[in-house]
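In what follows, a single structure is set out as structure tokens and then discussed.
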Amino acid sequence: MTALLTDLNPEQLEAVTWPHQSALILAGAGSGKTRVLTTRIAYLLQSGLTQPQNLLAVTFTNKAAREMVARISTMLPINIRGMWIGTFHGLCHRMLRAHYEDAGLPQAFQILDMADQLAVIKRILKERSLDEKVLAPRQLQWFINNAKEEGLRASQVDTRGSFNRTLAECYQVYEAVSMRGGTVDFAELLLRCYELLSRNEILRDHYRGRFEHILVDEFQDTNRLQYQWIKLLAGSGSQQHAAIFAVGDDDQSIYAFRGAHVGNMRDLEKDFSVPKIIRLEQNYRSQGNILDAANALIENNKGRLGKNLWTAAGKGESVRIYYAATDVDETSFIVDEIKALHAEGLSLSEIALLYRSNAQSRVLEHGLFNASISYRVYGGMRFFDRQEVKHALAYLRLVASPDDDNALLRVINFPPRGIGARTLEQLQDQAEILGTSLWQAALKVCEGRKAVTTRGDQPGRGIAGFVNLVLSMQQACEGQPLPEIIRRVVDQSGLVAHYQAEREGNNERLENLKELVNAATSFVHEAEDDSLTAFLAHASLEGGEHQAEGYQDAVQLMTVHAAKGLEFHSVFISGLEEGLFPHENSRNEPNGLEEERRLMYVAMTRARQRLYLSYAESRMLHGQVRVNVPSRFVDEIPEELLKRLRSSGFSGAGYRQGLSGTGQNTVSTAYSRQGRGKHTPVSAAVRVAPQGLNTAGLHIGQQVSHTKFGTGTIVNYEGNGSDMRVQVNFHQTGTKWLSLTYAKLVPL
DNA sequence: CGCCAGAACATTTTT
DNA sequence: TGTTCTGGCG
């Protein structure tokens, strides 16, 4: 016990040993938030105050949940099985699976991710022949998810006005379609679970009796429904059974745009009569100047719960700021600094390049690539989102739950088997008439057809071919272990054959299909429930993070949002310009500027030792050069904390002057940069500059020679790793795309 | 049914 | 500018 509590500062100790009563912990960046959370759990268990099965800990990401499990396991020798640790969606999903009948769901209900949901919505809009200009699919998706997060069903939303009525009607159709297909979207997981608990007294009492402690991570990011769910589980007022231990930081609330409601912090305080907020203000990450700068910045926000980070470490280095003439200049400054840091022995993975929006990564990538610096870009496409994987998953869904229209539509003609728009329309009409799923309609069509004639039906093609395929898959999978099921379905689906038959560029796809089998194999080892349905749920809920890429020493490029929760020795925040950061769109949002400021606060507090801020006077954006004014956030940092670096050609005028203008006037287009050509779908989240033997020292502008084509200049590149291709302008034969794996290019 | 050209669009994002 | 989506044509 004592070992557990040593090295905690007084506030951390107070939080960890807090009595059985709800608490709100205001945990600043780098203040040991996760440590407090996990130590609290270990403390409760070790001191016998509670049992594992009486604990529920909820996070937002699977990564955070895993980290929590891992840390508790190292602290305690006990088996933490029985404890409910997971994401909101994961825990709700668990409850719904356990009580699917009470929740009114089929046993094999499937989870729709955002893309699946959007596809359903597009279909609904098309069927109702609603013009996309009148109602954009995304808008309807947003509306439905929002309604659900407010706890509203289609019958409960506002129907005043024709537009609202249209929205409500579409929502109603969407509900019906979901019901029939047995599908549940992300928001539905939460709402369904909430409704289940609020309606079913027996279940509610069961869970209330069970959970004595509910711990919530990143509480500032909870939306209204999530908070209601927590409240329901804990029971409030005289009904309160569980103590809520909420940890969060209002200054790091950066997800309002997706429904996060910081107000939940104050609500919790009130609803659960939290006697006092515990503030964790001692920072163990950054040096003094960095914290002072961040504190000064965030001070400009109103209505904060209030907090001031401090450190026992020294002042450290000044915050460096660089004013560049152009984005290219900004990039070359950053590249030079990275080279210098690397030369001093700092590993590249300790350097982060942060930006407000993804579009900014391009210039940076270009610069890094040309300097042969390895880098990794976060936020690419997730494994389970890839086209070929989604196709395979759709077949698997049909095996598990053939009434899922979305899955059916995705693969009914992929690989192509002669089912065109016409046939599909007939099938949809048929389903409409019968009031059934497309699958049922397809079965009917086949039966009828068989009775009349099979003439003209080539085996394996048409509706009959598809129906037979799915039926035989279902048969082949009966009683098989999961990896075998996947292997058979992938094989029988014809996906592999299809991709093999296509020329070029499908190696990665084929690899991913193999990888899917591997994913299933490791899933079987890890999960308690190794059914197909469980695997499909895993694919939807824990999609991306399976791809733990091997460690590579590379500079880390990501948006500020993606950087939350991470830390680095050195951090570059680029593009500090009005209109970019703060982003111009934030002007139209309520409290938009304050959210942008919090974003900046998050960005700054990622740095341990060294923080660079940079600004470019002119920048290429959307194909036009724009001239910008420095971000107001730079001016909010006290001068004495800054060390100004200057580019030689910069006029110097502009900063610390009137910031009233929007700062976006278009000037010349006399500007050139290497384009990147058509660009393969950048599916990989990782793009690492060539370093190996074959590719060492290659960069744009490099002269190379090729045995067949002679000499030329590298003008472009695309892809990554073994798939990387370069475009070479050969003096004799013109430009050619060459794969680095096959072509023997010799640098000159 | 597939391909290509032209248009439209362009914060942030996890589950 | 780059990327994605759509519609028309072969």
Side-chain angles (χ1 to χ4, degrees), chain A residues 58-65 86-93 111-117 122 132-133 136-138 145 149 184-190 218 221-223 225-226 253-260 327 354-363 366 378-379 382 384-385 413-424 502 537-545 558-565 575 579-589 592 595-596 598-599 602-603 619-626 669 671-682 718:
Chain A
V58 60
T59 62
F60 274 87
T61 65
N62 293 298
K63 191 177 161 210
T87 62
F88 280 99
H89 294 83
L91 296 176
C92 286
H93 173 246
I111 300 166
L112 299 185
D113 65 22
M114 293 255 281
D116 297 330
Q117 186 190 33
K122 279 185 179 162
E132 294 213 346
K133 273 156 200 101
R138 292 218 172 262
N145 290 336
E149 281 169 14
V184 164
D185 60 54
F186 287 136
E188 183 73 25
L189 284 170
L190 298 171
E218 304 279 15
D221 289 337
T222 50
N223 64 33
L225 182 55
Q226 285 160 338
S253 163
I254 55 174
Y255 286 112
F257 71 92
R258 66 177 198 212
D327 49 353
L354 310 183
Y355 34 82
R356 174 67 240 265
S357 63
N358 285 306
Q360 287 168 260
S361 78
R362 198 152 283 116
V363 206
H366 220 267
Y378 280 73
R382 306 179 315 167
F384 287 105
D385 286 341
N413 198 38
F414 194 93
R417 54 177 67 84
I419 301 173
R422 212 176 43 257
T423 321
L424 209 51
E502 263 183 25
H538 165 85
S540 302
L541 289 174
E542 299 176 41
E545 302 167 283
M558 64 191 91
T559 62
V560 178
H561 282 94
K564 193 177 164 202
L580 241 196
F581 199 179
H583 199 280
E584 54 189 321
N585 294 2
S586 69
R587 296 158 143 275
N588 316 318
E589 279 153 26
E595 176 131 328
E596 295 288 307
R598 290 192 291 269
L599 209 41
V602 168
R619 172 180 303 275
M620 178 73 103
L621 201 66
H622 304 330
Q624 284 185 315
V625 174
R626 306 203 313 181
T669 330
Y671 196 97
S672 83
R673 214 170 30 135
Q674 294 284 0
R676 283 180 63 180
K678 39 172 189 190
H679 213 267
T680 46
V682 182
E718 66 177 26

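Every chain is numbered from 1, with letters handed out A, B, ... down the list of sequences.
With sequence neighbours excluded, the residues satisfying side chain to side chain donor-acceptor pair (under 3.5 Å) with A:Gln117 are A:Gln141, A:Asn145, A:Tyr174, A:Asp185.
Between C:dT4 and B:dT13, the two P atoms lie 16 Å apart (nearest whole Å).
Side chain of A:Gln360 to backbone of A:Ser357: a donor-acceptor contact under 3.5 angstrom is found.
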Below 3.5 Å is the cut-off: list the nitrogen or oxygen pairs between protein and nucleotides 5-11 of chain B, distance only.
{"residue": "B:dT11", "atom": "O4'", "partner": "A:His583", "partner atom": "NE2", "Å": "3.3"}
{"residue": "B:dT11", "atom": "O4", "partner": "A:Glu589", "partner atom": "OE2", "Å": "2.2"}

Polar-atom pairs under 3.5 Å, protein N or O versus N or O of nucleotides 7-9 of chain C: list them with distances, or write none.
none

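Summarising the geometry, the separation between CD on A:Gln624 and P on C:dT1 is reported as 10 Å, rounded to the nearest angstrom. Note: CD1 (A:Ile254) to C1' (B:dT14) measures 12 Å, nearest angstrom. Note: CG (A:Leu189) to C1' (B:dT14) measures 13 Å, nearest angstrom.
Among the heavy atoms of the strands lying under 4.0 Å from A:Asn413 are primed sugar atoms or P, OP1, OP2 only; no base atom is included. As judged by a 4.0 angstrom heavy-atom cut-off over every strand, A:Ile419 is placed among residues touching the sugar-phosphate backbone only. Contacts of A:Phe186 with the nucleic acid, taken as non-hydrogen atoms under 4.0 Å apart, include base atoms.
Taking syn as a glycosidic angle within 90° of 0, B:dT12 does not qualify and is anti.
Side-chain contact check for A:Asp385 versus A:Asp113: some heavy-atom pair is nearer than 4.5 Å. By the 4.5 Å heavy-atom criterion applied to side chains, A:Phe186 and A:Ile111 are counted as neighbours.
Side-chain atoms of A:Thr87 lie closest to B:dT15 of the nucleotides B:dT12, C:dG2, B:dT15. Set against C:dT3, B:dT15, B:dT12, the side chain of A:Arg362 has C:dT3 as its closest nucleotide.
An aromatic stacking contact between A:Tyr255 and the base of B:dT14 is absent, as defined here by ring centres under 5.5 Å apart and ring planes under 30° from parallel.
Atom CG in A:Asp221 sits 3.5 Å away from atom NZ in A:Lys564 (nearest 0.5 Å). Within the model, atoms CG of A:Leu190 and CG of A:Asn223 stand 6.5 Å from one another, a figure rounded to the nearest 0.5 Å.
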